[in-house]
Amino acid sequence: MDNKTALAAALAVKTGLEAAELAQWIETPPDPALGDYAFPCFRLAKALRKAPAAIAAELAAALPLPQGIARCEAAGGYVNFFADTGAFASHVLSRVLREGERYGSSEIGGGRSVCMDYSSINIAKPFHIGHLPSTAIGNSLYRIYNHLGYRSVGINHLGDWGTQFGKMIVAYKLWGSKPVPECTVRELVALYVRFHDEAEKNPGMNDEARAWFKKIESGEEEAVGLWKQFKELTLAEVGRVYERLGVRFDSFAGESFYEDKMQPIIDDLKAKGLLKLDDGASIVDLSAYDMPPCIILRSDGATLYATRDLATAVYRKETYSFVKSLYIVAYQQALHFRQLFKVLELLGYEWVEDCEHVQFGMVSMAEGTLSTRHGNVVYLDDVLDAAVQKTYEIMEEKSPDLIDKRAAAEAVGVGAVVWGVLYTSRIKDTAFAWDKVLNFDGETGPYVQYTHARCCSVLRKAKEAGSGFEAGAIDAALLTDSASMALLKALDAFPEAILAAAEKNEPYLVARATMDIAAAYNKFYYENRIMADEPALRAARLALTEASRSVLKTGLYLVGLQAPERM
RNA sequence: GCGCCUGUAGCUCAGUUGGAUAGAGCAACGGCCUUCUAAGCCGUAGGUCCAGGGUUCGAGUCCCUGCGGGCGUGCCA
């Protein structure tokens, strides 16, 4: 039993209230000098007809202190409790050392599936900074859910269908100068932009594009061949970016995959009387729910985004029998998902409760919105390259003797970019700015990675000097100075942060908990000489360093960063 | 117009689900490397928590109104 629940149990006996409820009242005082846990008595005042301060004083005097709590005192309307620091230090340290890099993991997922739709790029379009939030958030949640015992299913719902591929074919046949596999995505994009320029003068080109897309749909050999080549080329190229980011997927089933899976849904909607004709289009009327109608079929009979997403949702349920299905998509599409989920509900699918639109804010540029067509884009590759390059320069200056400089620079440069996305709550809009991306000081990925490398360095040097520790034989009472205690508290808070991150689908909670540990370690490092002369003290501090190292590595991993041992 | 989101230090953001004196980082200024990685640590300065009401022992946090910003609002995704 941890201190909080033990306290709640003791308070329950004294107050006659539910321990579970009391546990929620217990909070952490703003200043550690006030205590480690606080119980506010204000809510009891009315029922007991006494002043909160008087209640606090009485409780402080009469409460039998559970094991793990050394003392308590009344302060205003609060009872403040002080943990038995030695016992707390021992408890946290031994748990972290025992669980190692699995610290904070759990079995609550029970192997059940959680589907996550993230990144979801368009074929033959550049992978730009606008794609980063979905990719990074999805990748982090993928790791977090797995850490909690779920089976994450990462899905890249490819935008690989539609008339834009007819346009691509027209443009390629007109201006393409080499076989598709030898092109780059940037060259394809240039063709696409040129198509739009020319089509403005020559609208007939749009008809031609539609005709070519029809050929793809009907399986005409040349059209399908080109379409496949565009797709393969894009996936190969973007695959390299995913590799840099450490991102993986279990499925690339995208729009084309669902082409033949929509009819059953349409039939089902008809059978349940939900479909109605309006202005030539087939819609589901959602006015009863204060929403515009969900359009299922265009007036020309073509399917739409919503049609495909209905089929997709059902397919995922049938294929993966998920307990959660997450759509990591920008908030612009909030209405679409509300409509989608409502239609699924009207179809009678109770599991729609388990579907969630995990939305995030927009990425913009100082010059305005990102636009491939207008050339106002920043390619993610360029951003990563710049960050890695700058990292490399810093390393040449600060760690000239580093052997594996290239690999370390890659890990740190990419980490800086990813961390920046995952350090704030999802909903915030971000304006892309080079100087922000290329800042490695303060609350950044490199700071945490640096701290990890610092731990590694200390442990390495200790080993060289023949110093070590035995996990079972640490005198944790030697770690009760304020810096050590602050570090132990930060380590203690880590598992809860992971749970909260999964519950809210907010990776920043893990990032911040990890940052707290790094900051606490740096302070601990500064204030305490780890390689102390006294052997027991040295062993205890080395043990705390090892505990910090492993949790930093886990925290970095959970937000998608590497943890180099030297930098 | 209507709907959703958002507003905290010059900038970027936290704020334990209503608790004690509102916290970090960046930028600015000052200090600390012949002890384990200075991508670090310490200090100074910086606040009408958008405004006004309300709820109560207590509001940055909950409710209402207004203002500013973003997004969306029937055949794109």
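Residue numbers start from 1 in every chain, and the chains themselves are labelled A, B, ... in the order their sequence lines are given, proteins ahead of strands.
- For A45(A), the side-chain contact (heavy atoms from CB on, under 4.5 Å) partners two or more places apart in sequence, or in a different chain, are P52(A), I55(A).
- Residue T424(A) has no polar side-chain atom (N or O) positioned under 4.0 Å from OP1 or OP2 of C13(B).
- Here the separation of A14(B) from A51(B), taken at their C1' atoms, is 24 Å to the nearest Å.
- Nucleotides U8(B) and U48(B) are separated by 12 Å at their C1' atoms, to the nearest Å.
- RNA chain B is contacted by no residue of residues 413-421 of chain A, taking any non-hydrogen atom closer than 4.0 Å.
- Taking the P atom of each, A77(B) and G72(B) are spaced 15 Å apart, rounded to whole Å.
- Contact annotation for A45(A): no contact, since no heavy-atom pair falls under 4.0 Å across all strands.
- The side-chain contact (heavy atoms from CB on, under 4.5 Å) search around R426(A) returns I137(A), V358(A), F360(A), N505(A), E506(A), not counting sequence neighbours.
- Both distances falling under 3.5 Å, in either a Watson-Crick or a G-U wobble arrangement, place C26(B) opposite G10(B).
- For the pair R308(A) and A77(B), the criterion of a side-chain N or O lying under 4.0 Å from OP1 or OP2 is met.
- At a threshold of 4.0 angstrom between heavy atoms, the contacts of P52(A) with the nucleic acid are absent.
- Side-chain N/O atoms of N439(A) and base N/O atoms of G25(B) include no donor-acceptor pair closer than 3.5 Å.
- In this structure, K463(A) has no salt bridge (charged side-chain N to carboxylate O under 4.0 Å, His left out) partners at least two apart in sequence or on a different chain.
- Regarding contacts with the backbone of G15(B), a side-chain N or O of Y508(A) is found under 4.0 angstrom from either OP1 or OP2.
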Hey, can you pull the donor-acceptor pairs under 3.5 Å for the side chains in residues 394-403 of chain A, sequence neighbours left out?
| residue | atom | partner | partner atom | Å |
| --- | --- | --- | --- | --- |
| S399(A) | OG | M567(A) | O | 3.1 |

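- Taking 4.0 angstrom as the limit, K46(A) places none of its side-chain polar atoms (N or O) nearer than this to OP1 or OP2 of U56(B).
- At a threshold of 4.0 angstrom between heavy atoms, the contacts of N80(A) include nucleobase atoms, whether or not backbone atoms are also involved.
- The P atoms of U61(B) and G54(B) are separated by 14 Å, rounded to the nearest whole Å.
- Under the rule for a salt bridge (charged side-chain N to carboxylate O under 4.0 Å, His left out), the partners of R549(A) that lie at least two apart in sequence or sit in another chain are E101(A), E546(A).
- N156(A) places a side-chain N or O within donor-acceptor distance of the main-chain N or O of S120(A), the cut-off being under 3.5 Å.
- With hydrogens and angles left out, the side-chain atoms of Y447(A) and N522(A) include a donor and acceptor closer than 3.5 Å.
- With sequence neighbours excluded, no residue forms a side-chain contact (heavy atoms from CB on, under 4.5 Å) with A53(A).
- Judged by distance alone, with hydrogens and angles left aside, K461(A) brings no side-chain donor or acceptor close enough to the base of U37(B) to form a pair under 3.5 Å.
- A gap of 7 Å separates the P atoms of G40(B) and C26(B), to the nearest Å.
- Spacing between U35(B) and A20(B) at atom P, rounded to whole Å, works out to 43 Å.
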Could you give the side-chain donor-acceptor pairs of residues 23-35 of chain A under 3.5 Å, partners two or more places apart or in another chain?
| residue | atom | partner | partner atom | Å |
| --- | --- | --- | --- | --- |
| D31(A) | OD1 | A33(A) | N | 2.9 |

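- The nucleotide U21(B) finds no pairing partner, because no Watson-Crick or G-U wobble arrangement with both distances shorter than 3.5 Å includes it.
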So which protein N/O to nucleotides 40-45 of chain B N/O distances come out below 3.5 Å?
| residue | atom | partner | partner atom | Å |
| --- | --- | --- | --- | --- |
| G40(B) | OP1 | G442(A) | N | 3.1 |
| G40(B) | O2' | R454(A) | NH1 | 2.9 |
| C41(B) | OP1 | Y447(A) | OH | 2.7 |
| C42(B) | OP1 | K523(A) | NZ | 2.9 |

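- Among the protein residues, K463(A) comes within range of no part of the nucleic acid, since none of its heavy atoms lies under 4.0 Å from any strand.
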Heavy-atom contacts, protein to nucleotides 3-11 of chain B, under 4.0 Å, summarised as B (base), S (sugar-phosphate only) or - (none) per nt, yield --S-S---S

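- Ion pairing between D492(A) and K489(A) fails under the 4.0 Å rule for side-chain N and carboxylate O.
- Contact annotation for A465(A): no contact, since no heavy-atom pair falls under 4.0 Å across all strands.
- The side chain to side chain donor-acceptor pair (under 3.5 Å) search around Y305(A) returns Q333(A), not counting sequence neighbours.
- Under the salt bridge (charged side-chain N to carboxylate O under 4.0 Å, His left out) criterion, K276(A) pairs with D285(A), sequence neighbours left out.
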